[in-house]
Amino acid sequence: MLRHTDVGFAITDSRGRLRWVNTAMAELLGIDEAHARGRSLPALLPAAWEGTEGTSTVQRLTTTNRGVRWLEINWHPLPPSDAQLCRVVDLTASRQEELEVGSETTRRSPERSRMGNWEWIIAEDRVVWSEGMREMSGYPADADIDYDAFMRMIHPDDVALVTRVLTRSLNTGEPFTYIHRARGADRTDVRVFECFGEVISDDDGKPVRLVGSAHDITQAHEVHHELRRMAEEDPLTGLPNRRALTARLEREIASGAPGALVVIDLDNFKDVNDLRGHMVGDRVMCALATALRNRLPENHYLGRLGGDEFAVVMPGVDPVLAKRTAQQLAAAVATIPVAVAGVTIRVTVSTGVAPFDSGPTWEAVLANADLALYASKGGGRNRVTVYDPGHYANTAKRVAVLERLRTALTDGHLALHGMPMVDLRTGRTLGYELLLRLEDDLLPPLGPGDFLPDAERTDLILNIDRWVLGQAVDTLAAHPDPGLRLDVNVSGRTLDDEEFGDFVLDRIRSSDVSPGRLGLEITETAALTNLDAARHLATRLREAGCRITLDDFGSGFGSFVHLKHLPITGLKIDGEFVRGIDRSTTDSVLVTGIMEIANGLGLTTVAEWVERPSQVNALTRLGVEVAQGFHLGKPKPLSAIVLRPNGVLPR
C-alpha cells in the first residue's frame with residue numbers, strides 16, 4: 001500500500017544537480033543520502049527530465065540494494081528560485097496487483113491506474129474511495145461516504161475552490177487538477193494534497209461521474225515553503241529581503257495604481273559598529289526593524305534592502321502623504337532608546353521618497369529613491385527628501401563610474417595588489433590577499449570604496465570576480481613556487497552564481513595549479529545573506545583542495561552558526577577585535593575565545609588591521625601566529641610580488 005512516507009522527494013538546480021533528497025528518494029535511487037548533494041539526477045533517473053511540467057512518466061530502474069523497481073516520476077519548478085522539485089513514487093507493488101475501485105476500473109485510463117491507490121470516484125452523490133484514501137481519512141471500510149462527507153475532509157478555506165473546479169469539470173467534460181488542504185477524521189492532522197482526474201461520460205457523451213487521484217504532497221509543500229522563506233526573508237531581522245521587496249515593488253508598479261517607495265538608512269551606523277562592535281550593531285538593526293514594523297499600516301510592505309538600509313512599499317499614497325509618514329517614522333526612531341550592555345544608544349535615519357510614476361521600472365524607482373536618500377544625507381542627515389529630477393546628476397555620476405569600470409575591465413586597466421599575510425614568529429610571508437585597483441589614469445582617481453559598492457549593485461561584479469580569479473590562477477600557473485599562495489575575495493552576488501564553482505575548478509585543472517595554493521575569502525556578511533549558496537560553493541571547492549576562509553569573523557550576527565554549517569578551513573579575525581588588542585582586556589578575551597574555537601575545530605586564523613608593534617606582541621601572547629596590516633606590509637602590485645613571493649618582511 002502506498003503511504004506518504006514512500007514518496008521520494010529531491011530538490012535540484014536548473015542543471016539537475018541534487019541539492020537535497022529525503023530518505024525515501026535516496027532508498028529508491030539506491031544512493032547514500034549523506035553524499036547525494038551534487039550528483040546528477042538526470043544520470044540517475046533519465047525519465048525525470050523527459051516530460052513537461054506536472055506530467056507523469058514511469059521508469060524501470062535497477063538498483064544494487066532494491067533490485068528492479070518501477071517508479072512514477074513528476075517534476076515541478078520551485079519559484080522564485082531556479083530550483084526544481086522531483087517527486088518519485090514506487091509503483092512496483094501496484095504493477096503486480098492493479099487497484100480496483102468499484103466497477104469503473106476498466107473505464108479509467110492506464111495513466112490514471114498507475115497513480116497509486118489514493119483514488120476516488122464521485123457518482124450520484126456517493127463517493128467510492130480506495131483503501132488508501134479510507135486509511136488516510138480515518139473512515140472505516142464499511143462506512144457509507146457521501147459527497148458531503150467527502151467535502152468535510154477538505155479544509156474549510158479550500159472547499160469553494162474544490163467545488164468550483166469539480167463543477168466546471170462536470171459541466172465541460174475536461175480533466176481537472178487542483179491542490180488543497182485536507183483533514184482526517186480526527187480533524188487535527190492537516191495535510192496538503194495534489195488532486196487530478198478526469199470525467200467519465202455515459203453512452204450519450206454526457207458527463208456522469210468523476211475519477212480522481214489524490215497524492216499527499218505535504219512534505220514537498222513544506223520544502224517549497226521553506227525554500228521560499230529562505231529566498232525571501234532577511235535572516236537577521238526576519239523582514240522580507242531585497243528580492244522579495246523588489247518583487248513586491250514590481251507588482252505594484254505593474255498594477256498602475258499610485259504609490260511611493262521609501263528608502264530608510266541609519267545615520268552614522270558605522271560609528272555604532274566601530275565603537276560598540278558589530279553585535280551591538282545587529283541588535284540596533286533588529287530594534288529598528290521592530291520599531292518600523294509596529295508603526296506602519298498593514299498594507300505597507302516593509303523590508304530590508306541590505307546593510308543598514310530598509311525600504312517601504314506604500315501603495316495608494318501620493319508623495320505628500322508618503323513624506324508625512326516617513327517623517328513620523330523618523331521622529332519615532334529618534335526617540336527610541338536601544339539599551340545594550342547597560343549603554344543606551346539612540347539613532348536617527350535619513351530617508352528618500354520616490355513616487356511610482358518617477359520611473360518606468362522598479363530599478364528606476366529604487367534608483368530615484370536612493371538619489372533622494374543621498375540628498376538627505378548630504379543635507380545634514382535625519383531628514384526626509386522627495387525625489388526631484390535634479391537629483392539625476394548623482395545618478396549620472398554613478399553611471400559614469402560603472403562605465404569607467406566596464407571600460408577598464410575590457411581594456412586591461414584593472415590591476416591586482418597583494419596584502420601580505422605574515423607569520424608573526426618569523427616575519428615570513430605565507431600568502432597574499434588580492435586587492436583590486438582601478439588604474440585608468442583618469443580623473444578623479446577612484447579607490448575600491450568608490451567603485452566596488454556600485455559594481456556590487458549590478459551584475460558587473462560577476463565579471464570582475466571572474467577576472468580576479470582568472471588572474472590569480474594564471475599567476476600561480478606562471479610561477480609554480482609553492483611559497484606563492486593567493487587569496488581571492490568573493491562577493492555576495494557571486495555566491496548566487498551557480499556556475500562560478502565550475503569556472504574555478506575548470507581554471508585550476510586547465511592551468512595545472514595545485515588547488516591548495518588558491519584560497520577564497522567569503523565575508524561573514526555575504527555568508528549570512530547567502531548561507532545555502534556559500535555552503536554549496538565552499539563544499540565543492542574545499543573537496544577539490546582549495547582553502548576557504550570566513551572573512552571578518554565576529555562581525556555578523558550568526559558567527560557560530562557559520563562555523564557549524566560552512567565547510568571552511570580558516571578564519572580571519574575581524575579588525576574590530578584587533579584594533580585595540582594591546583589596550584583592551586575585552587578584545588583580548590574575545591580573541592582568546594576565537595582562538596580556542598579555531599584550534600578546537602582545526603581552523604587556521606589570520607588577524608586583520610595590525611598597525612603597530614604592540615598589537616603584534618599582544619596577538620603573539622594570545623596564540624595568534626598569522627596576521628596582516630600596514631605594520632606588517634602594505635599592498636603592492638602583484639607583478640612585484642612574484643619576483644619574491646615569500647620574502648621575509650621587516651619587523
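Residue numbers count from 1 along this sequence.
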Using only atom types and a distance under 3.5 Å, with no angle test, would you say the side chain of Arg304 pairs donor to acceptor with the backbone of Gly307?
yes
One pair to check against side chain to side chain contact (heavy atoms under 4.5 Å, CB included): Leu438 and Leu414. What are the steps and the verdict?
CA-CA 5 Å; Leu438 175 61; Leu414 292 179; 3.9 Å; yes
Would you sort out whether Arg37 and Leu18 count as a side chain to side chain contact (heavy atoms under 4.5 Å, CB included), showing the intermediate values?
CA-CA 5 Å; Arg37 188 179 183 93; Leu18 288 172; 5.7 Å; no
Heavy-atom nearest pair, Val468 first then Leu436, reads CG2-CD1, 4.1 Å
Taking every heavy atom of Ile179 against every heavy atom of Leu161, the minimum-distance pair comes out as O-CD2, 3.7 Å
Is there a side-chain contact between Leu446 and Leu405 in this structure, where contact means two heavy atoms from C-beta onward sitting under 4.5 Å apart?
no
What distance separates Thr246 OG1 from Leu305 CG, expressed to the nearest 0.5 Å?
8.5 Å
Quick check against the 3.5 Å criterion: does Arg542 have a side-chain atom that pairs as donor or acceptor with the backbone of Ile568?
yes
Run the side-chain donor-acceptor check on residues 254-265: report pairs under 3.5 Å with partners two or more places apart or on a different chain.
from, atom 1, to, atom 2, distance (Å)
Ser255, OG, Glu252, O, 2.6
Ser255, OG, Ala257, N, 3.3
Asp265, OD2, Lys377, NZ, 2.5

State whether the side chain of Asp158 and the backbone N or O of Arg181 hold a donor-acceptor pair below 3.5 Å, judged by distance alone.
yes
Could you tell me the separation between the CZ atom of Phe310 and the CE atom of Met285, rounded to the nearest 0.5 Å?
5.5 Å
Look at Asp450 together with Arg404 and state whether they make a salt bridge at an N to O cut-off of under 4.0 Å.
no
Among Thr351, Val333, Thr348, exactly one meets side chain to side chain contact (heavy atoms under 4.5 Å, CB included) together with Asn382. Which residue is that?
Thr348
Closest heavy-atom pair, Met314 versus Phe356, reported as atoms and distance to 0.1 Å, is O-CZ, 4.2 Å
For a side chain to side chain contact (heavy atoms under 4.5 Å, CB included) check, start with the C-alpha distance between Arg324 and Val320, then their side-chain angles and the critical distance, and finish with the verdict.
CA-CA 6 Å; Arg324 186 183 309 132; Val320 175; 3.8 Å; yes
Please check: side-chain N/O of Asp370 versus main-chain N/O of Leu373, any donor-acceptor pairing under 3.5 Å?
no
Ignoring hydrogens and geometry, is there a side-chain-to-backbone donor-acceptor pair from Thr569 to Ile548 under 3.5 Å?
yes
pair Leu288-Asp308: side-chain heavy atoms closer than 4.5 Å
no
Checking Thr335 side chain against Ala332 main chain: does a donor-acceptor pair fall under 3.5 Å?
yes
Walk me through it: do Leu460 and Leu409 pass the test side chain to side chain contact (heavy atoms under 4.5 Å, CB included)?
CA-CA 10 Å; Leu460 180 59; Leu409 184 61; 4.2 Å; yes
Exercise: do Ser491 and Asp465 side chains pair donor with acceptor under 3.5 Å
yes
So do the side chains of Arg466 and Thr494 get within less than 4.5 Å of each other, counting heavy atoms only?
no
Counting heavy atoms not belonging to Glu499, are there more than 12 under 6.0 Å from its CD?
no
